[in-house]
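If you read the sequence from its start, that first residue is 1, and numbering goes on from there.
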Amino acid sequence: MDDNFGLSAEEFRIQAVYSDETRQFRSPVEPTAADWVNVRIRVGRGTVSAVFLCTNEREYLMEEAKTQGAFSYFQATLPPTAEEITYYFRLQCGEAVGYYTKYGFFSEYKHEGEFRIFRDYRTPDWAKGAVMYQIYPDRFANGDVSNDVKTNEYIYLKQKTEQVTDWNSLPAASDINRFYGGDLQGVLNKLDYLAELGVEVLYFNPLFVSPSNHKYDTQDYWHIDPHFGKIVRESGSVLAADAKTNETASLYASRTTADENLAASDALFAELIQQAHARGMRVILDGVFNHCGAFHKWLDREGLYKGKLRGAYRHADSPYHDYFYWNADGTYEGWWGYENHPKLNVEGCAALREELLAIARRWVSPPFDADGWRLDVAADLGKTEEFNHAFWRMFRTAVKSVSSDKLILAEHYGDAAPWLTGNQWDSIMNYDAFMEPVTWFLTGVSKHSTEKREDMYNNADVFWGTMSYQMGKLPSQAISVAMNQLSNHDHSRFLTRTNRQIGRVETEGSAAADANVEKAVLREAVLLQMTWNGAPTVYYGDEAGVTGWTDPDNRRTYPWGREDMELIAFHKAAISLRKEYPVLRHGSLKQLYGAYGVLAYGRFDEKEKILVALNNTEEIRTVSIPVWQIGVQAEGTLQNCLMTNRDGFTVFGFSYPVRNGNVLLSLPPKSAMAVREI
């Protein structure tokens, strides 16, 4: 055996070096202030004369802990402290010196990419690497037609509501007032399907009382919308043809404000959570606390709560007046100027803060026991950054006081580091370090399908550079539970992005979102998603072949009876792969190869080694991949776990010999594979 695998001494010295923040190289991974922390690094056997762990406080000479195969492992132990610690490694080889950070090996220290230890920052174990499934309730399944929003039931954004009776019809370009009837009973009816798919966590778009189909404009945070729940008592009628306001929307008022309907809907949600838990699935709610809706009972602009409470819109002496920001002319302030989204005065009103924190506790406590929150536009809450951080510290304390096992995820674009220190959010929807780089590499269009960049398409250097940089900004606790999505309710469907076209439904039409899509590229993306660090999150219907431009076209109904069964079978196989091999949840991830249209990386720990490779070009690509870097034996065998190309997918057969630490793979066009050491 060639100890250097055919490499020069310098190449071997550099490529053998590795450390990260997984349990292989740091323990405990989530230390308390009272813990000693053991930090390790791997180097090429016989390549260094000394290794130093360099913290923001001092340097530690590391001891050689063991030698295994081609590698030596060095370690040092850091003492207990309540302070954040940053560190990097300095390696000496005779007169030569090298430095290792999250961004790799360098000949000089660049003062960036340091590893970080946050004390007392723990994320729920059940969420680490869990397979999530996002449900947009109105479009998933209609299990109870008696609660459907009726045509002309009320006016929303100057348009009367429309009950869509054809489940298979497509969203309109202006879809905000159209309702398909999906509800919680529909989800209950499909729980077995979701369990068979392999889903471990259900993430719901907002469920609370609201007049829109998306429900990001809350009317009542304290109750589930009866249009999603149960309507056991109703009175009144739909609006007359000439009605211009909701003053006479008596049917809507009775449906959404009657205590019996609210109680029955809350009880149905509690049952859904109980049934999900019985199948081993967790449930996450969507919380919109930066703003509410103009229909909200605290404001009651529409007069739906007359005789029940004094809303701030009509009553200057309302107990809820200070819940909102008021302009000099007596109008309320809208978030980003949107009249339909009154900005909540969380920063200036202690009573509102306490109510929101009580709401946060309510839904994660019995009888509901939801397992966490996803927070909408979380960085916008309040008027100052200082208060924003203060509120989310209060929110975390409130939610975690019920159970430390509750999860807190936030919607955020840009650098989330200030919120990810252990006392605010657990993690984020992972746009910067997952959805965007994956989308650009595999499709060359933006996540909205509104921009095309040929220079980004199949650009492995940009992919690896972006992933390294963006993941390097996230603590390991956050990475492990980050919501890794290909699609969601705010962006175009990934399958549509595979046609590499730009457009929106109002300009291109719905049919253009279906044209020339590449299911093989979606399968590449799914295999990458299910083998990457974090919590892979499937947007309802992606697994069944649903397409669509960005909203509202991305909110098409789930195609029950018209599913792409091959895609569903592939999702089951990819999810099963993730569950079968714990290394895909908890192991290290190392870049192994990058070229135009081709990526390869390894997931590894002391027990398991899995190689993932994909070819997004139109040609067969034969590549030699240095699997010795993830600890694969120099002369061994890799065996296929899951392979996809334009012809379909397979989970059987195909063995690949490892020679001198490298494996030679012939990758068909638009293919991806996961292989493991046997």
Side-chain angles (χ1 to χ4, degrees), residues 1-27 38-54 60-76 87-110 113-115 464 467-468 471-472 583 587-594 599-613 623-636 638 658-664 677:
M1 165 185 143
D2 183 349
D3 285 347
N4 285 12
F5 306 101
L7 302 171
S8 69
E10 178 69 9
E11 289 173 321
F12 175 61
R13 183 170 70 90
I14 292 173
Q15 295 177 22
V17 179
Y18 187 83
S19 186
D20 61 21
E21 296 171 325
T22 67
R23 57 193 178 193
Q24 280 197 94
F25 295 98
R26 196 164 79 193
S27 61
N38 184 262
V39 177
R40 294 175 289 277
I41 186 171
R42 187 195 77 183
V43 301
R45 189 178 62 193
T47 60
V48 299
S49 52
V51 181
F52 294 89
L53 177 65
C54 306
Y60 296 83
L61 176 64
M62 304 185 76
E63 297 179 351
E64 187 171 9
K66 68 175 181 179
T67 297
Q68 186 174 30
F71 306 114
S72 292
Y73 294 80
F74 285 76
Q75 67 181 19
Y87 65 89
Y88 62 94
F89 302 94
R90 179 163 58 87
L91 300 87
Q92 290 186 196
C93 181
E95 297 298 318
V97 178
Y99 300 88
Y100 189 81
T101 71
K102 284 186 178 183
Y103 298 151
F105 184 93
F106 302 95
S107 59
E108 60 183 45
Y109 179 47
K110 297 181 178 295
E114 292 92 348
F115 298 92
W464 284 121
M467 281 295 199
S468 175
M471 290 180 71
V583 69
S588 298
L589 188 155
K590 191 176 193 303
Q591 171 188 350
L592 296 177
Y593 188 87
L599 301 174
Y601 55 92
R603 300 301 308 275
F604 65 101
D605 59 21
E606 291 185 348
K607 294 181 179 179
E608 297 177 332
K609 281 79 178 168
I610 291 182
L611 165 68
V612 180
V623 294
S624 178
I625 300 174
V627 290
W628 67 268
Q629 294 183 24
I630 61 171
V632 171
Q633 296 179 42
E635 307 294 327
L638 301 180
V658 178
R659 297 291 179 261
N660 198 27
N662 295 271
V663 64
L664 191 68
E677 183 180 37

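Taking the side chain to side chain contact (heavy atoms under 4.5 Å, CB included) definition, one finds that R23 meets it with V29, H586, sequence neighbours left out. For the ring pair (Phe, Tyr, Trp, His ring centres under 6.0 Å) test, residues two or more places apart in sequence or in another chain that qualify with F89 are Y87, F115. Looking at residues two or more places apart in sequence or on another chain, you find no ring pair (Phe, Tyr, Trp, His ring centres under 6.0 Å) involving F74. By the side chain to side chain contact (heavy atoms under 4.5 Å, CB included) test, Y103 pairs with T101, F106, E112, S468, Y469, K473, sequence neighbours left out. The side chain to side chain contact (heavy atoms under 4.5 Å, CB included) check on Q15 picks up L7, E11, W628, Q629, with sequence neighbours excluded. Under the side chain to side chain contact (heavy atoms under 4.5 Å, CB included) criterion, Q24 pairs with T22, S588, F604, D605, E606, sequence neighbours left out.
Other residues, nucleotides and ligands contribute more than 12 heavy atoms inside 6.0 Å of the CD atom of E64.
A donor-acceptor pair under 3.5 Å links the side-chain atoms of R603 to the main chain of G587, judged by distance alone. No donor-acceptor pair under 3.5 Å is formed between the side chain of E677 and the backbone N or O of K609. Without hydrogens or angle criteria, R13 side chain to T47 main chain gives no donor-acceptor distance under 3.5 Å. Between the side chain of R45 and the backbone N or O of G69 there is at least one donor-acceptor pair closer than 3.5 Å. A distance-only check finds a donor-acceptor pair linking the side chain of E635 to the backbone of N660 [under 3.5 Å]. For the pair K102 (side chain) and G472 (backbone), a donor-acceptor distance under 3.5 Å is present.
The two residues A9 and N4 come nearest to each other via the heavy atoms CA-ND2, 3.6 Å. When all heavy atoms of G594 and W464 are compared, the pair lying nearest together is CA-NE1, 4.0 Å. In plain terms, the two heavy atoms of G46 and S72 that are nearest each other are N-OG, 4.4 Å. Heavy-atom minimum distance, P626 versus N662: CA-OD1, 3.2 Å. Closest heavy-atom contact between G98 and F105: CA-CZ, 3.7 Å. Contact between G94 and S49 at its shortest, heavy atoms only, is N-OG, 3.3 Å.
For the pair R40 and Y73, the cation-pi test (distance below 6.0 Å, angle within 45°) is failed.
Between the CZ atom of R659 and the OG atom of S624 there is a distance of 12.0 Å, given to the nearest 0.5 Å. Considering SG of C54 and OH of Y99, their distance stands at 7.5 Å, rounded to 0.5 Å. Atom CZ in R26 sits 9.0 Å away from atom CG in D20 (nearest 0.5 Å).
With contacts defined as side-chain heavy-atom distances shorter than 4.5 Å, the pair M62/I41 qualifies. Residues Y18 and I630 have side chains not in contact (no heavy-atom distance under 4.5 Å, counting atoms from C-beta outward).
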* Begin from the C-alpha positions of V583 and K607 and carry the test side chain to side chain contact (heavy atoms under 4.5 Å, CB included) through to its verdict. => CA-CA 8 Å; V583 69; K607 294 181 179 179; over 6 Å; no
